[in-house]
2 protein chains.
Amino acid sequence: MNVVAISKVLANDTRLSILRWLKDPEENFPPHKDIDHFDDGVCVGYIQDKAGLSQSTISTYLSLMQQADLIIPTRHGKWTYYRRNEAVIDQYMKSLRQMI
Amino acid sequence: MNVVAISKVLANDTRLSILRWLKDPEENFPPHKDIDHFDDGVCVGYIQDKAGLSQSTISTYLSLMQQADLIIPTRHGKWTYYRRNEAVIDQYMKSLRQMI
DNA sequence: TTTTCATATCTATATTTCGCGATATGTAAA
DNA sequence: TTTACATATCGCGAAATATAGATATGAAAA
């Protein structure tokens, strides 16, 4: 867990928003068609619609966030669902508070 | 107080280190020649020596950090001393935790 | 009142990031 | 076994950032 690396990922309005939206999928996204819960998170298309940026940009952002271990992907058929990695997010906040 | 703007400033090893060093000047810097306390912080030259980057780079970094209200400058004769702005740092941590 | 010293600002270049369209990949549907 | 769809990756130009040297500024010392 690299604090500065994670700070870089979070130093972007869209990426910070995505992390926030994923905290409450019911509130921020429509229900998925194939499943009736958000246990594995939210599919890329919904995140893209909400963010209003191109498909490739959002996919790249999600990839960045995943490389930083902030989110966890799960494949369901054609779709990839992303959910928060609460343990890492928590650890980041704790480390940052201690460092700062 | 803009959370993303502050995150950008802190998403850099040197700048994060500077903020940490300023938390304990006695521990991290030699005593100043003209004054025997660090109440107004630490002069630019000492910070530059410790960081090992050029004078202009450190001055630019400190200026960035000041624009983000993370540090407060005080002029003492030829020297500029910088100290932490604990209120803003605290508010940043609180906001980030709530957002994240 | 020149000179010196500490810091700030300007200018320049290299690297990184932003964001996109085009294309590739993997999966399910037809 | 093609086709269609969701997502990932590639390649790109534009914008921002990192970092330095040169120069300017402001204050004290000579």
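Throughout, a chain's letter reflects where its sequence line sits, starting with A, and its residues are numbered from 1.
Contact between I47(A) and W21(A) at its shortest, heavy atoms only, is O-CZ3, 4.3 Å. Summarising the geometry of R15(A) relative to L64(A), their closest heavy-atom pair is NH1-CD1, 3.7 Å, with the distance given to 0.1 Å. Summarising the geometry of L53(A) relative to Q48(A), their closest heavy-atom pair is O-CG, 3.3 Å, with the distance given to 0.1 Å.
Rounded to an integer number of Å, the gap from L62(B) CG to dT9(C) P is 11 Å. Note: CG (D13(A)) to C1' (dA15(D)) measures 16 Å, nearest angstrom. The NE2 atom of H32(B) sits 15 Å away from the C1' atom of dC5(C) (whole-angstrom rounding). Atom P of nucleotide dA8(C) and atom CE of M65(B) are separated by 13 Å, given to the nearest angstrom. When the P atom of dA27(D) is taken as reference, atom OH of Y81(B) falls 15 Å away, rounded to whole Å. Computed from coordinates, the D40(B) CG to dA6(C) C1' distance equals 17 Å when rounded to whole Å. Here dA8(D) presents its P atom at 12 Å from CD of Q67(A), a figure rounded to the nearest Å. Rounded to an integer number of Å, the gap from CG of D34(A) to P of dA6(D) is 11 Å.
Among the heavy atoms of the strands lying under 4.0 Å from S59(A) is at least one base atom, whether or not backbone atoms are also near. Within the nucleic acid shown, Y82(A) comes within 4.0 Å of sugar-phosphate atoms alone, with no base atom in reach, counting heavy atoms only.
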Run the numbers on N12(A) and V4(B) for side chain to side chain contact (heavy atoms under 4.5 Å, CB included), then give the verdict. CA-CA 6 Å; N12(A) 172 285; V4(B) 169; 5.7 Å; no

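Side chain of R84(B) to main chain of L22(B): no donor-acceptor pair is present (N/O by atom type, distance under 3.5 Å, no hydrogens or angles).
Using modelled atom types and a 3.5 Å distance limit, the side chains of H76(B) and D40(B) yield a donor-acceptor pair.
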Can you give one letter per nucleotide of nucleotides 14-30 of chain C, going 5' to 3': B for a protein heavy atom under 4.0 Å from the base, S for sugar-phosphate only, - for none? ----SBBBB----BS--

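Classified by interplanar angle (parallel below 30°, tilted 30° to 60°, perpendicular above 60°), the ring pair H32(B)/Y46(B) is parallel.
Here T80(B) reaches the OP1 or OP2 of dA8(C): one of its side-chain N or O atoms lies under 4.0 Å away.
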